[in-house]
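The structure appears right after this line, and notes come after that.
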Amino acid sequence: MQTIVHRNRSIKGWLFDVYPSPSGVTLWFISETGGRISAHAPFVPKFYIRIDENSFALVKKIASRFKGRCKISAWKEMIEIYSGEFIKVLEVYVNDTINFGKYVKAFEAELPYYVFFNSDLSPVQMFLFENDLFPLAYGEYVISPDGKLVAQNIEDRFDAIDYKLPPLSIMIIKPSILGIAPKYQQNITIEVGYDNRSYVINADSAQELLTRLNFHIERCDPDLIITHFGDEIILPWLTLLADKVKVPIKLNRDPSAPFVRTRDVSYWSYGQIVHKAGSFELAGRWHLDVENSFIIDQSDLAGLFELARLTRIPVQRQARETIGTGLSSLQLAWAYSHNILIPAKKQEWEQFKSAYQLLLSDRGGLIFSPKMGYHENVAELDFASMYPSLMCIHNISPETVNCKCCSNQKVPELRYTLCENRKGIVPETLETILKKRAEYKKREKDSRSESERIEYHKRQTALKWLLVTCFGYLGYKNARFGRIEAHEAVNAFSRDAFLRAKSIAEKRGYEIIHGIVDCLWLKKNGAGPDDYRKLSEEISKEIGVNISFEGMYKWILFPNSRTDPEIPVANRYVGAYTNGELKVRGLEVRRGDTPLFVRKVQADVLELMTNASTIKELKLMIPEIIQVIKMHLEKLRAGRVEPLELVIRRTISKEADEYENSNLEAIVAKAMAEAGVALKPGETAEYIIIDSTGKRYPGKAKPFLFYQPEDGYDTYKYTEFVIKSVEILLGPLGYNYSWIAEQLNVSA
DNA sequence: AAAGTACGGGG
DNA sequence: GTGTACGTACTTT
């Protein structure tokens with residue numbers, strides 16, 4: 001006799017994905033043996049209301065209207081972050097992970113004068129927080145015969161430094177022409193790549209296209225579909241086709257789940273409009289659009305995975321979120337696990353300022369005026385992670401500044417106190433990041449294997465962005481854990497540190513050539529690397545924040561302002577380190593709106609200049625530089641420059657008809673709108689200048705979308721662009737625009 | 001001359 | 001609390 005025993009199944013592997021599904025969440029795992037397994041976990045998210053007992057009946061009445069969905073759980077004692085004291089709150093269960101937010105809104109609408117906590121967290125994150133889980137967590141997962149996750153034993157930590165990642169099968173889908181947005185392409189063909197092969201899908205009909213794509217998806221069975229422009233263009237287009245010709249597209253691994261799509265948005269972020277494409281997320285596999293992810297752009301998949309593990313935001317979502325959201329999530333997780341109530345955040349209208357932006361705008365950070373022109377034998381000293389370090393060292397956090405319990409005068413210039421009894425949430429969470437990054441940086445330096453070095457570099461770069469954001473976050477008035485006094489305190493400490501560093505250096509006989517916020521450029525006759533290292537050590541020891549010797553420059557240039565040649569500008573400079581590396585800020589090669597052609601010329605010139613060890617040698621190579629420019633300009637004059645290299649990409653800030661001046665952006669936006677492909681504020685105008693005078697061609701510039709090689713281009717304008725980009729380098733050596741133009745046989 | 005428009009920053 | 005850095009470079013009016 002045989003009995004069939006339905007037993008639990010144990011998987012050793014990684015948590016791959018989590019998303020809401022009816023009465024809980026759906027989880028996907030990748031097992032070590034290569035299985036892709038889904039499971040369901042029941043989960044009831046909850047929120048809290050700070051309410052007096054008299055109002056209990058009112059809450060009960062609202063809850064009873066959503067009978068079966070919302071339920072009053074109990075009175076709870078939880079910690080209010082600013083006071084650090086326990087307060088009494090009412091816990092409400094919402095048995096619907098998909099519509100959690102809608103139920104919360106209903107409560108909020110009827111209880112406008114009460115404070116809500118944990119009410120705008122995502123149920124998926126609450127699930128992860130509560131179960132000590134995180135994306136890509138390695139461990140043992142136990143699944144019941146009816147597909148429920150019943151237990152897990154995690155052999156991994158969200159903040160681990162040594163962790164294994166699952167081997168992922170990857171498919172790439174992209175337009176066969178890259179380098180120009182699909183919006184500007186006349187016919188899009190898609191190219192599918194996997195297993196070291198790629199296939200251009202040239203189909204005669206939509207049916208054929210979809211059938212062939214489905215074939216590839218089934219054969220590859222990707223965990224991860226990487227696209228270029230998948231969010232905005234390709235996936236929406238494919239699904240539209242699929243609906244039209246009724247060929248289901250097999251993008252999802254979970255056939256029961258919908259695609260998660262969000263709308264595109266344009267929003268203001270500190271004086272600039274930003275357009276964010278809507279997202280197109282998949283269920284059971286990831287879709288990552290490399291053109292719609294800041295963190296992938298900066299630090300690749302390795303950085304994205306590092307961040308997702310740390311912030312506990314699912315990978316597809318983390319890819320599209322801002323870094324600020326990631327940092328916030330890290331703090332939320334910490335608060336959640338310490339029974340600290342999380343205040344509902346108010347509507348976010350602004351993005352966070354990065355430290356730098358804030359420093360400039362709030363005049364918090366110090367900027368000296370550079371000594372104009374070329375210098376030799378200058379050294380650079382940088383404070384490493386100055387702001388996060390200050391926050392950790394001095395325990396600066398929204399709830400520790402001006403706390404109730406302490407009276408001290410720790411903050412320079414300001415009469416603020418800093419708590420000595422309780423460690424703040426900001427230092428608590430930052431410390432993890434700082435330590436982790438320091439270790440990655442160390443390994444990056446020490447590692448013998450190139451692939452390891454690259455991996456560690458990507459991870460530490462991702463963490464760097466968290467650190468860069470954290471300062472802005474502290475001063476951001478709408479942040480959950482933000483407070484302006486905390487932000488001011490950091491500023492005060494930073495100015496103090498910077499000024500003390502400066503004065504120590506000057507006392508030792510060094511001349512300050514320039515200084516920005518946490519960077520100092522110094523000079524002293526006869527001083528070498530060892531002297532600067534010694535100076536760095538002395539300053540670090542004195543101030544308590546690490547300052548490091550970045551290197552010495554063979555030459556460095558702080559150019560004059562173009563609008564007023566008598567004055568210097570703080571944020572543009574270029575210098576060649578003694579190791580041959582170049583550091584450039586603010587010049588054309590660094591700008592996103594410089595056409596590739598101009599960038600190439602300036603880059604070529606700079607590369608030559610890197611070979612010079614002294615200003616004298618720089619002067620000697622002028623004829624050589626002129627030759628290089630001549631070569632490029634001859635190509636330009638002959639009409640042989642590829643149109644792509646002449647494309648200017650600039651963000652438009654408003655709708656086509658809102659422009660008051662007919663500048664090139666307005667012209668292009670209008671032309672696009674008329675052709676039915678209107679650009680939204682924050683999207684990029686991509687165009688070629690045909691005739692900037694408008695005499696020969698009144699349109700002046702043409703969107704790349706409509707560009708034909710016969711249209712030609714404005715040789716004069718592009719030449720001028722080139723000469724200006726070289727003048728900024730040669731001008732301080734005594735060779736101005738008209739001299740350069742003359743050498744190049746161009747009328748100035 | 002004044003107003004309009006866009007860019008950078010961090011490593 | 002329905003607002004949107006700030007300084008530079010360049011163009012248009």
Side-chain angles (χ1 to χ4, degrees), chain A residues 266-274 294 297-299 303 323 345-365 367 369 380 382-388 437 440-441 444 457-472 475-478 484 516-519 548 550 559-565 567-573 581 583-594 648-654 658-669 681-682 684-685 689 692-694 700-701 717 720-721 724-725 727-728:
Chain A
S266 297
Y267 56 89
W268 276 94
S269 172
Y270 290 84
Q272 247 183 313
I273 196 136
V274 182
F294 174 80
D297 181 51
Q298 292 293 320
S299 63
I323 303 293
K345 89 185 147 181
K346 304 187 183 120
Q347 180 95 41
E348 266 184 52
W349 287 93
E350 295 169 2
Q351 294 297 99
F352 305 103
K353 297 181 185 186
S354 76
Y356 194 83
Q357 289 167 325
L358 263 166
L359 289 163
L360 290 183
S361 55
D362 295 358
R363 306 191 180 283
I367 294 170
S369 241
E380 181 183 333
D382 287 358
F383 279 106
S385 302
M386 184 196 224
Y387 291 90
R437 177 158 186 247
Y440 283 147
K441 279 181 92 167
E444 181 189 347
H457 178 75
K458 288 172 181 169
R459 289 189 196 175
Q460 69 96 348
T461 304
L463 298 184
K464 177 203 73 191
W465 285 111
L466 281 179
L467 296 177
V468 167
T469 318
C470 71
F471 174 65
Y476 179 57
K477 58 183 188 286
N478 290 348
I484 196 69
I516 311 177
V517 184
D518 55 1
C519 233
S548 64
E550 279 299 298
N560 55 277
S561 158
R562 273 189 177 134
T563 40
D564 183 352
I567 60 164
V569 283
N571 299 309
R572 312 176 83 195
Y573 59 89
E581 264 175 54
K583 183 168 181 179
V584 193
R585 292 294 177 270
L587 301 193
E588 282 79 357
V589 281
R590 291 278 297 194
R591 290 178 65 111
D593 62 344
T594 308
I648 294 170
R649 317 182 75 237
R650 300 192 96 184
T651 315
I652 64 158
S653 61
K654 43 194 103 186
E658 291 168 347
Y659 277 92
E660 292 178 51
N661 287 351
S662 303
N663 59 15
L664 298 184
E665 287 73 42
I667 288 171
V668 171
T684 313
I689 305 175
S692 68
T693 62
K700 294 190 181 178
K717 198 75 202 165
E720 190 185 63
F721 219 147
K724 277 187 177 168
S725 78
E727 188 204 14
I728 194 149

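So that the names make sense, note that chain A is the first sequence line, chain B the second, and so on, each numbered from 1. The figures here come from the full heavy-atom set of this structure, side chains too, leaving out hydrogens, waters and symmetry mates.
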Sticking with atom P, work out how far B/dA6 lies from C/dA5, rounded to a whole angstrom. 14 Å
NA contact type, A/Ser662, heavy-atom cut-off 4.0 Å: base, sugar-phosphate, or nothing? sugar-phosphate
On a whole-Å scale, what distance lies between the P atoms belonging to C/dA9 and B/dG9? 13 Å
Using a distance-only criterion (donor-acceptor N/O pair, under 3.5 Å, no hydrogens), is the base of B/dG10 paired with the side chain of A/Arg590? no
So what does A/Ile652 touch, heavy atoms closer than 4.0 Å: a base, only the sugar-phosphate, or nothing? sugar-phosphate
Please classify the nucleic acid contact of A/Gln298 as base, sugar-phosphate, or nothing, using heavy-atom distances under 4.0 Å. base
Between A/Thr469 and B/dG10, is there a side-chain N or O to OP1/OP2 distance below 4.0 Å? no
Please determine if a side-chain N or O atom of A/Lys700 lies less than 4.0 Å away from the OP1 or OP2 oxygen of C/dT11. no
Both A/Leu664 and A/Arg562 contact DNA chain C. Taking the nearest nucleotide for each, which residue is further toward the 5' end? A/Arg562
Using the six-membered ring of A/Tyr573, assess whether NZ or CZ of A/Lys583 lies under 6.0 Å from its centre and within 45 degrees of the ring axis. no
So, does A/Ser653 get its side chain near the phosphate of B/dT5, meaning an N or O under 4.0 Å from OP1 or OP2? no
Give me the atom names and distance for the closest heavy-atom approach of A/Glu665 to A/Ile652. CB-CG2, 4.1 Å
Least distance between heavy atoms, A/Ser385 atom then A/Leu467 atom: OG-CD1, 3.8 Å
A/Leu466 CG to B/dG11 P, straight-line distance once rounded to whole Å: 14 Å
Where the side chain of A/Asn663 is concerned, which of C/dA9, B/dG11, C/dT12 is the nearest nucleotide? C/dT12
Worked verdict on A/Arg437 versus A/Leu466 for side chain to side chain contact (heavy atoms under 4.5 Å, CB included): CA-CA 10 Å; A/Arg437 177 158 186 247; A/Leu466 281 179; over 6 Å; no
State, to 0.1 Å, how close A/Asn661 and A/Ala666 come at their nearest heavy-atom pair, and which atoms those are. O-CB, 3.4 Å
From CG of A/Leu587 across to P of B/dC7 the rounded distance in Å is 17 Å
Nearest whole Å is fine: how far is C/dA9 P from A/Glu720 CD? 15 Å
For A/Lys717, answer base if it contacts any base atom (sugar-phosphate contacts may also be present), sugar-phosphate if it contacts only those atoms, and nothing otherwise; contact means non-hydrogen atoms under 4.0 Å. sugar-phosphate
Between P on C/dT11 and CD on A/Glu660, what's the gap in Å once rounded to a whole number? 19 Å
For the pair made of CG in A/Asp564 and P in C/dT8, what is the distance, rounded to whole Å? 9 Å
A/Lys441 near the nucleic acid: base, sugar-phosphate alone, or nothing, with a heavy-atom cut-off under 4.0 Å? nothing
For C/dA9, does either OP1 or OP2 sit under 4.0 Å from a side-chain N or O belonging to A/Ser561? yes
Does the pair A/Val468 and A/Ile323 meet the rule for a side chain to side chain contact (heavy atoms under 4.5 Å, CB included), with working shown? CA-CA 9 Å; A/Val468 167; A/Ile323 303 293; over 6 Å; no
So if I take every side-chain heavy atom of A/Arg591 and compare against B/dG8, B/dG11, C/dT8, which nucleotide ends up nearest? B/dG8
To the nearest Å, give me how far apart CZ (A/Phe721) and C1' (C/dT11) are. 12 Å
Could you state the atom-to-atom distance from NZ of A/Lys464 to P of B/dG9 in whole Å? 12 Å
Determine whether a donor-acceptor pair (one donor, one acceptor, N or O, separation below 3.5 Å) exists between the side chain of A/Arg585 and the base of B/dG10. no
Pick base, sugar-phosphate or nothing for A/Lys583, based on heavy-atom distances below 4.0 Å to the nucleic acid. nothing
Could you tell me whether a side-chain N or O of A/Tyr387 sits under 3.5 Å from a main-chain N or O of A/Thr469, the two making a donor and an acceptor? no
side-chain contact (heavy atoms from CB on, under 4.5 Å) against A/Thr461, all qualifying residues, sequence neighbours excluded: A/Ser299, A/His457, A/Lys464, A/Trp465
Salt bridge present between A/Lys717 and A/Glu720 (N-O < 4.0 angstrom): yes
Find the distance A/Asp382:CG to B/dG9:P and express it as a whole number of Å. 15 Å
Find which nucleotide of DNA chain C each of A/Pro568 and A/Ile667 is nearest to by heavy atoms, and output the residue with the more 5' nucleotide. A/Pro568
Stem regions touching DNA chain C, defined by at least 3 consecutive Watson-Crick or wobble G-U pairs below 3.5 angstrom: B:1-8 with C:6-13
Minimum-distance nucleotide to A/Tyr659 side chain [options: C/dC10, C/dT8, B/dA6]: B/dA6
